[in-house]
Number of protein chains: 2
Amino acid sequence: MLNYIILGMTRDAALTGYDIKKHIKNGIGTFYKASYGSLYPLLKKLAEEGYLIVSERPYGNRQKKYYQISAQGESAFYQWLSASMDLNNNIENHLAKVYFFDRLPADIRNRQLQEYEINSINYLRKLYVLEKDYAAMENKECFYYKLSTLYYGIRILQDNIRWCRHIQKKMDLTDFIEEDFL
Amino acid sequence: MLNYIILGMTRDAALTGYDIKKHIKNGIGTFYKASYGSLYPLLKKLAEEGYLIVSERPYGNRQKKYYQISAQGESAFYQWLSASMDLNNNIENHLAKVYFFDRLPADIRNRQLQEYEINSINYLRKLYVLEKDYAAMENKECFYYKLSTLYYGIRILQDNIRWCRHIQKKMDLTDFIEEDFL
DNA sequence: GAGGCCATGTAAACTGTTACATGATTTG
DNA sequence: CAAATCATGTAACAGTTTACATGGCCTC
């Protein structure tokens, strides 16, 4: 996933590896972390394969390496962005995509969000069945903590669906969160 | 993390690798997946290192391998279960722990949940600051999708905190989710 | 001039996936 | 008797973390 994040981050400006790390931390640090050990070798590889253009520029006594996305990189990035949002991919991948959704034309963007919503709904239905089965048991208390993780999952899916609907309609984001919490 | 999940799953009965895979799928499949390629080699390793006891039993024309946790395994598992719930670990790790929380005495369990709650609160406060900064900008619409992932993060943290409080008090789990959703 | 940040990398280890390979048992 | 499921594994690859290593620039 880091490869696509790098491609997405280097569209508006040529950035150094260090810059990219900071952009990742500030932009999607809530749900994704990158280490230099993964970042630098990947930058080298992406440049070698033609997805990034490198330009070395002297800065004082130092050679800085600036990376920027190439046409080939743009194409690969766009393909990732518009690829199916099924639940085989993890939530972080979906969030990273949505982070870059302003790069997508409105119709494809909403098709993506609709697909994600539908997949989430289908999965939620399955969890509801599970929940019903467990609720019918007589010794539920014995499984309180085990069940609590199922309910956590249900809640997150409910949020996912709400979120999809919310941002499809471009509604005010402050209405998505609970106000006066804490 | 899989090592601890295996240890936790093999306490109540001796299980085959195949059994463990199914237990994982049914129990925590919502947020964690294990492949045979990671499971079988790890079972072998955990047995060699003394965390699991193997017993081979013939079944028809077949030798089945049953794994069960050892005293050494119990100790390692308990250590993991009672280790700090800071936000360096990912959410899946926390959920897996809570899944096994009936193995922990009530006082340590609640200490763990309180720590998780406090860490989540501290992180949420940081995100509130970020949100405030962004809300003050005039060209917010340009960053709608980027911002949407921040609001998603805030919402999840709010849920986390609600969840911690909920299960600390052992409240009815059905009250944690939104009813009549969909 | 010291401490903090900027900047680039490598090496070993760890963790896990995917695809392959094989064969027994059960069930309709 | 075919298909599904049970059952155990390996090999190649992929992705990532952690710790190490180095040194320049900026600000107080």
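In the text below, chain A, chain B and the rest are named by the order of the sequence lines, each starting its count at 1. Everything quoted here is computed from the prediction, not taken from an experiment.
With no hydrogens or angles considered, a side-chain donor-acceptor pair links B/Asn160 and A/Tyr152 at under 3.5 Å. For B/Tyr145 and A/Arg109, the side-chain atoms include at least one donor-acceptor pair closer than 3.5 Å.
What separates CZ of A/Arg57 from P of C/dC6 is a distance of 18 Å, to the nearest Å. One interatomic measurement links the two molecules: CG of A/Asn89 to P of C/dT17, which rounds to 14 Å at whole-angstrom precision. Between A/Gln63 atom CD and D/dG23 atom C1' the separation is 14 Å, expressed in whole Å. Spacing between atom CG of A/Leu39 and atom P of C/dA11 amounts to 17 Å, rounded to whole angstrom units. Rounded to whole Å, atom C1' of C/dG16 lies 12 Å from atom CD1 of B/Ile6. Summarising the geometry, the separation between CG on B/Leu46 and P on D/dG9 is reported as 14 Å, rounded to the nearest angstrom. Remark: P of C/dT17 and CG of A/Asn93 are 15 Å apart, rounded to the nearest angstrom. Rounded to whole Å, the distance from OH on B/Tyr4 to P on C/dG16 is 12 Å.
A cation-pi arrangement is present between A/Arg57 and A/Tyr66 under the rule of less than 6.0 angstrom and at most 45 degrees off the ring axis.
Residues satisfying the salt bridge (charged side-chain N to carboxylate O under 4.0 Å, His left out) test with B/Arg165, not counting sequence neighbours, are B/Glu117. Residues satisfying the side chain to side chain donor-acceptor pair (under 3.5 Å) test with A/Ser55, not counting sequence neighbours, are none. B/Asp102 is linked by a salt bridge (charged side-chain N to carboxylate O under 4.0 Å, His left out) to A/Lys146, counting only residues two or more places apart in sequence or in another chain.
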Counting only pairs under 3.5 Å, give me each side-chain donor-acceptor contact of residues 119-129 of chain A, with atom names and distances, residues two or more places apart or in other chains.
{"residue": "A/Asn119", "atom": "ND2", "partner": "A/Met85", "partner atom": "O", "Å": "3.2"}
{"residue": "A/Asn119", "atom": "ND2", "partner": "A/Glu115", "partner atom": "O", "Å": "3.3"}
{"residue": "A/Ser120", "atom": "OG", "partner": "A/Tyr116", "partner atom": "O", "Å": "2.8"}
{"residue": "A/Asn122", "atom": "ND2", "partner": "A/Ile118", "partner atom": "O", "Å": "3.4"}
{"residue": "A/Tyr128", "atom": "OH", "partner": "A/Gln158", "partner atom": "NE2", "Å": "2.9"}

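In this model, the phosphate group of D/dG9 is not approached by any side-chain N or O of B/Tyr36 to a distance below 4.0 Å at OP1 or OP2. Close to D/dT16, at under 4.0 Å from its OP1 or OP2, lies a side-chain N or O of A/Tyr32. For C/dG9, the OP1/OP2 oxygens have a side-chain nitrogen or oxygen of A/Lys65 closer than 4.0 Å. Not one side-chain nitrogen or oxygen of B/Ser38 sits closer than 4.0 Å to the OP1 or OP2 atom of C/dG16.
Heavy-atom distances under 4.0 Å link DNA chain C to A/Thr16, A/Gly17, A/Tyr18, A/Asp19, A/Lys22 of residues 11-25 of chain A, given in residue order.
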Check: protein-nucleotides 23-26 of chain C nitrogen or oxygen pairs below 3.5 Å:
{"residue": "C/dG23", "atom": "N2", "partner": "B/Arg62", "partner atom": "NH1", "Å": "3.1"}
{"residue": "C/dT25", "atom": "OP1", "partner": "B/Asn61", "partner atom": "N", "Å": "2.3"}
{"residue": "C/dT26", "atom": "OP1", "partner": "B/Tyr59", "partner atom": "OH", "Å": "2.8"}

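In the hydrophobic cluster analysis, where Ile, Leu, Val, Met, Phe, Trp and Tyr join through side-chain heavy atoms closer than 4.5 angstrom, A/Met171 is grouped apart from A/Ile161.
One finds the CG atom of A/Asn89 at 6.0 Å from the NZ atom of A/Lys97 (value rounded to the nearest 0.5 Å).
Looking at which nucleotide of DNA chain C each of A/Tyr66 and A/Lys44 is closest to, the 5′-most match is held by A/Tyr66. If B/Tyr67 and A/Met1 are placed on DNA chain D by their nearest nucleotide, the residue sitting closer to the 5' end is B/Tyr67.
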